[in-house]
Amino acid sequence: MRPLLAASLSLTFAACGDIQVRSIRTGDVVPDALQGEWTGAWQSAQTGFGGLLTLRIQDFAGEPVVSVQIAHPCVPPSHYQFRATPAKVELLADDVVLFEAVVGAERTLIGSYGCTADAGSWDATWQRDLPALVDLTGRWLGSASVPGYLPQAIVLDLQQTVRNGTLAFDGAMQLPGLLPEPLPMRGSVQFRAGVFDVVLVTEPGTVPLVHMVGTGDTALRRLDAGQLQAAVDPLLPLVQATWEMRWQTR
């Protein structure tokens, strides 16, 4: 049996009143049997109310990429821990178990929950594999284009890691024809079938402020039509542009 997977989690409200669980630290790789998307429901033994939940678990470089969509009184936005073995999963707050479940036959989770606000049962069933998490670490070369002007070269050096349970970028962007120094950047990436969605923004306190979004081809590691926005700044004579990038090397 593999060692226990332990991760510290931070919960924040997501869209539509759901809650998203985000891993901060990890101990071991995610058990293979747990990786993928799970859907299920919870049922209160006290009020009779219930709701739906979705759990997504993956592993990137030995760290869990975890999200849970659930609206429940036992898990308001706060810091939590997520623990798992091939036989059991747990969600804890200050080392007190709130949700727990055993891994049953045919990839099911059957368990219970309890807190001062409520108690009851929950279950989930494995639904599907999730798109592979590709490492986009390395140097990317491309350009930013504004109608009526020559394209401006862009160089991105990115390091992909797991931060807060999501895939994060840290790095720097160079605009050789416009800025004398690289801009420190950070952001995130999500993978869908065949494509990746990326968000990049300059580090807080950095000027000029630059925000970049785009969707790329995972297999080719390229992005053809991203959008770039920059705050009005005398250092950067560029406010809006499209951008494209190609992965070059690590």
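Atoms considered below: every heavy atom in the structure, side chains included; atoms not considered: hydrogens, waters and symmetry mates. Since this is a predicted model, take the numbers as computed values, not measurements.
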Minimum side-chain heavy-atom gap L238-V146 below 4.5 Å:
yes

Between A117 and P73, the two heavy atoms sitting closest are CB-CB, 4.0 Å

Members sharing V213's hydrophobic cluster (side chains within less than 4.5 Å):
V199

Which other residues end up in the same hydrophobic cluster as V155, if Ile, Leu, Val, Met, Phe, Trp and Tyr are linked when side-chain heavy atoms come under 4.5 Å apart?
L141

For L228 and W243, work out which heavy atoms get closest and say how close.
N-CD1, 3.7 Å

Is there side-chain contact between L53 and Q69, with heavy atoms separated by less than 4.5 Å?
no

Strictly by salt bridge (charged side-chain N to carboxylate O under 4.0 Å, His left out), give each pair with a member in residues 37-52 just once, sequence neighbours left out.
E37-R56, E37-R128

If I take atom OH from residue Y113 and atom CD1 from residue I70, how far apart are they, to the nearest 0.5 angstrom?
8.0 Å

Using modelled atom types and a 3.5 Å cut-off, is there a donor and acceptor pairing between side-chain atoms of S44 and backbone atoms of G50?
no

When clusters are formed by joining ILVMFWY residues with side-chain heavy atoms under 4.5 Å apart, either directly or through shared neighbours, do L98 and W38 land in the same one?
yes

N/O donor to acceptor pairs below 3.5 angstrom from side-chain atoms of residues 170-179, sequence neighbours left out:
from	atom 1	to	atom 2	distance (Å)
D170	OD1	R163	NH1	3.2
D170	OD2	R163	NH1	2.7

Linked hydrophobic residues, V239 as query - side chain contacts closer than 4.5 Å
V232

Among Q58, Q190, Q160, find the residue that satisfies the side-chain contact (heavy atoms from CB on, under 4.5 Å) test when tested with L167.
Q160

Between Q127 and T39, does any side-chain donor sit less than 3.5 Å from a side-chain acceptor?
yes

Students should find that the hydrophobic cluster of L92, defined by side-chain heavy atoms under 4.5 Å apart, otherwise consists of V97

Filter on side-chain hydrogen bond (donor to acceptor under 3.5 Å, both in side chains), then keep only pairs touching residues 226-241, sequence neighbours left out; what's left?
none

Qualifying disulfide (SG to SG under 2.5 Å) pairs, either residue in residues 115-161, two or more places apart
C74-C115

Compare all side-chain heavy atoms of L34 with those of W126 and state whether any distance is below 4.5 angstrom.
no

Validation: residues 202-212 side-chain donor-acceptor distances under 3.5 Å, sequence neighbours left out:
from	atom 1	to	atom 2	distance (Å)
T202	OG1	V210	N	3.1
T206	OG1	E203	O	3.0

Enumerate the salt bridge (charged side-chain N to carboxylate O under 4.0 Å, His left out) contacts for residues 96-117, please, sequence neighbours excluded, ordered by first and then second residue.
K88-E100

Closest contact, heavy atoms only, L133 versus F191
CD2-CD1, 3.8 Å

Ignoring hydrogens and angles, tell me if any N or O in the side chain of Q159 forms a donor-acceptor pair with the backbone of F169 under 3.5 Å.
no

Pairs meeting criterion salt bridge (charged side-chain N to carboxylate O under 4.0 Å, His left out) with involvement of residues 236-250, two or more places apart:
D135-R250, D224-R246, E244-R246

Between R139 and D157, is a salt bridge (Lys or Arg N to Asp or Glu O under 4.0 Å) present by the stated rule, with each step listed?
CA-CA 5 Å; R139 170 158 286 195; D157 290 296; 2.8 Å; yes

Is it true that, when you exclude Q46 itself, more than 12 heavy atoms of the residues, nucleotides or ligands shown sit nearer than 6.0 Å to its CD?
yes

What pairs with R221 under salt bridge (Lys or Arg N to Asp or Glu O under 4.0 Å), at least two apart in sequence or on another chain?
none

Shared ILVMFWY cluster between I154 and Y149, side chains joined below 4.5 angstrom?
yes

Taking every non-hydrogen atom, the tightest pair across S145 and P151
OG-CB, 3.8 Å

Side chain D94, main chain V96, donor-acceptor under 3.5 Å:
no

